[in-house]
Amino acid sequence: MLGFLYILLSSAFYGFSNAYWKKAIQDAPFLQVIFSRGLYTTSFFGLCYLMDYQWGIFTTWVGERPVFTTSQLVMSIGLCIFSSFGLYFFVRSMKSEAVSLVAPVSSINLFGLLTAVLFLGESWGFSYSMASLSVVGGVFLLFQSDWHFSSISSFMKALGGSILASFFWGVSYALFKYPVAWLGVIPFSFLLELCVTLCAGVFLLFQRKKWQQIPQTPIRMLALFIILGSIFLNIAYKTATITQIIFVSKSQLVLTLVFGQILYREKVKPLKLLGIALLILSIYLVI
């Protein structure tokens with residue numbers, strides 16, 4: 001049950017950050033926000049890594065640092081870069097008119113489930129099938145009233161961005177179980193944030209746009225909750241299966257909806273309450 005607690009804590013922080021992205025990129029270039037956010041998260045995990053390397057102050061919570069090989073480091077870097085594209089497509093899509101489609105489609109995480117079953121050898125029981133149906137039904141009820149598009153092209157653009165985000169995130173987050181085991185929680189967290197930040201920096205260089213002055217308070221808030229979410233998620237990899245993490249993480253959608261109501265005064269309609277109930281049911285089925 002401790003693994004489920006870590007997943008729920010991670011979902012709470014990620015749920016807030018998902019809702020807060022809208023505020024952070026509202027008046028700023030999204031790549032610059034990703035890069036600036038990454039400077040905070042990379043610095044934090046880099047400092048934690050140095051402190052743990054010198055004095056082992058986090059060993060009690062995250063365990064002993066494993067000894068990794070060069071090939072394991074290279075594969076971990078490749079997987080972190082691969083995952084960076086998921087964040088790129090997700091945040092870029094939030095700048096378009098079709099944000100309401102991006103969140104639910106990218107959250108279904110079919111690619112993560114397929115990766116866990118086909119490549120990680122995790123079993124798929126009847127309860128997972130029922131949980132999948134509950135997730136699909138819950139996501140549809142949560143967002144069906146928001147699916148309005150000005151044209152077919154805008155719908156396809158949003159659908160493409162959300163599917164790409166789901167693909168890159170789904171596959172990489174399912175496979176993160178390996179680099180977490182190879183490198184340890186803190187070194188992997190540092191490596192992931194470093195790769196995301198460097199990828200955003202490269203994209204900014206190719207754009208050749210002038211750097212803008214943007215408010216730092218929303219970015220710091222975003223970085224804080226992503227840091228906390230990452231820590232608990234990476235610890236959960238040691239205590240829960242990937243399929244359990246995928247399903248229980250659906251609580252992010254519920255919490256994003258709650259935080260969205262608090263931050264932006266969004267109303268929760270009866271159908272959305274039913275959708276929340278179905279998502280909670282999916283979590284109960286896999287516990």
Side-chain angles (χ1 to χ4, degrees), residues 11 14-39 41-42 77-115 135-136 139 142-143 146-176 191-209 214 218-219 222-223 225-226 229-230 233 246 249-250 252-253 256 260:
S11 297
Y14 276 142
F16 183 88
S17 67
N18 287 343
Y20 208 75
W21 268 112
K22 180 179 179 180
K23 184 181 291 291
I25 65 173
Q26 188 172 10
D27 300 311
F30 77 92
L31 273 176
Q32 191 174 327
V33 173
I34 294 177
F35 181 78
S36 299
R37 181 226 68 163
L39 292 179
T41 55
T42 302
I77 293 174
L79 191 57
C80 290
I81 294 174
F82 183 85
S83 177
S84 300
F85 287 94
L87 180 62
Y88 170 80
F89 285 112
F90 179 79
V91 181
R92 188 187 72 170
S93 298
M94 292 185 70
K95 275 290 192 181
S96 72
E97 61 178 308
V99 174
S100 57
L101 181 65
V102 176
V105 173
S106 61
S107 68
I108 292 177
N109 207 353
L110 175 62
F111 297 104
L113 292 173
L114 291 175
T115 302
V135 168
V136 173
V139 167
L142 281 175
F143 295 96
D146 300 321
W147 291 357
H148 303 295
F149 303 94
S150 58
S151 64
I152 295 296
S153 61
S154 65
F155 174 80
M156 295 306 296
K157 181 180 179 180
L159 184 64
S162 59
I163 290 177
L164 286 171
S166 178
F167 170 72
F168 286 108
W169 269 346
V171 174
S172 58
Y173 273 70
L175 295 176
F176 278 169
L191 182 64
L192 176 60
E193 293 302 319
L194 177 64
C195 289
V196 170
T197 306
L198 290 177
C199 285
V202 171
F203 291 151
L204 282 170
L205 288 176
F206 277 105
Q207 282 191 343
R208 297 181 180 179
K209 291 183 178 180
I214 57 177
I219 297 176
L222 191 63
F225 283 92
I226 289 175
S230 298
L233 177 63
I246 289 172
S249 293
K250 295 303 170 222
Q252 282 185 39
L253 270 177
T256 298

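In what follows, residues are counted from 1 in the order of the sequence shown.
In plain terms, the two heavy atoms of Leu204 and Gln32 that are nearest each other are CD2-N, 4.0 Å. Of all the heavy atoms in Tyr88 and Ile34, the pair that sits closest is CA-CD1, 4.5 Å. Taking all atoms of both residues into account, the shortest heavy-atom contact from Ser172 to Leu79 is CA-CD1, 3.8 Å.
Every residue was checked against the side-chain hydrogen bond (donor to acceptor under 3.5 Å, both in side chains) condition with Ser84, not counting sequence neighbours, and none meets it. Judged as a side-chain contact (heavy atoms from CB on, under 4.5 Å), and not counting sequence neighbours, the contacts of Phe85 are Ile81, Phe89, Phe168, Phe203. Taking the side-chain contact (heavy atoms from CB on, under 4.5 Å) definition, one finds that Thr197 meets it with Phe35, Leu39, Thr42, sequence neighbours left out.
At distances below 3.5 Å, at least one donor-acceptor pair connects side-chain atoms of Ser230 with backbone N or O atoms of Ile226. A donor-acceptor contact shorter than 3.5 Å is absent between the side chain of Ser36 and the backbone of Val33.
Ring geometry for Phe176 against Tyr173 counts as tilted: the plane angle lies between 30° and 60°, on a 0 to 90° scale.
Atoms CG and CG, from Leu31 and Leu87 in turn, are 9.5 Å apart once rounded to the nearest 0.5 Å.
You'll find the ring centres of Phe90 and Phe30 outside the 6.0 Å limit.
Under the 4.5 Å side-chain criterion, counting only non-hydrogen atoms from C-beta, Val196 is not in contact with Ser83.
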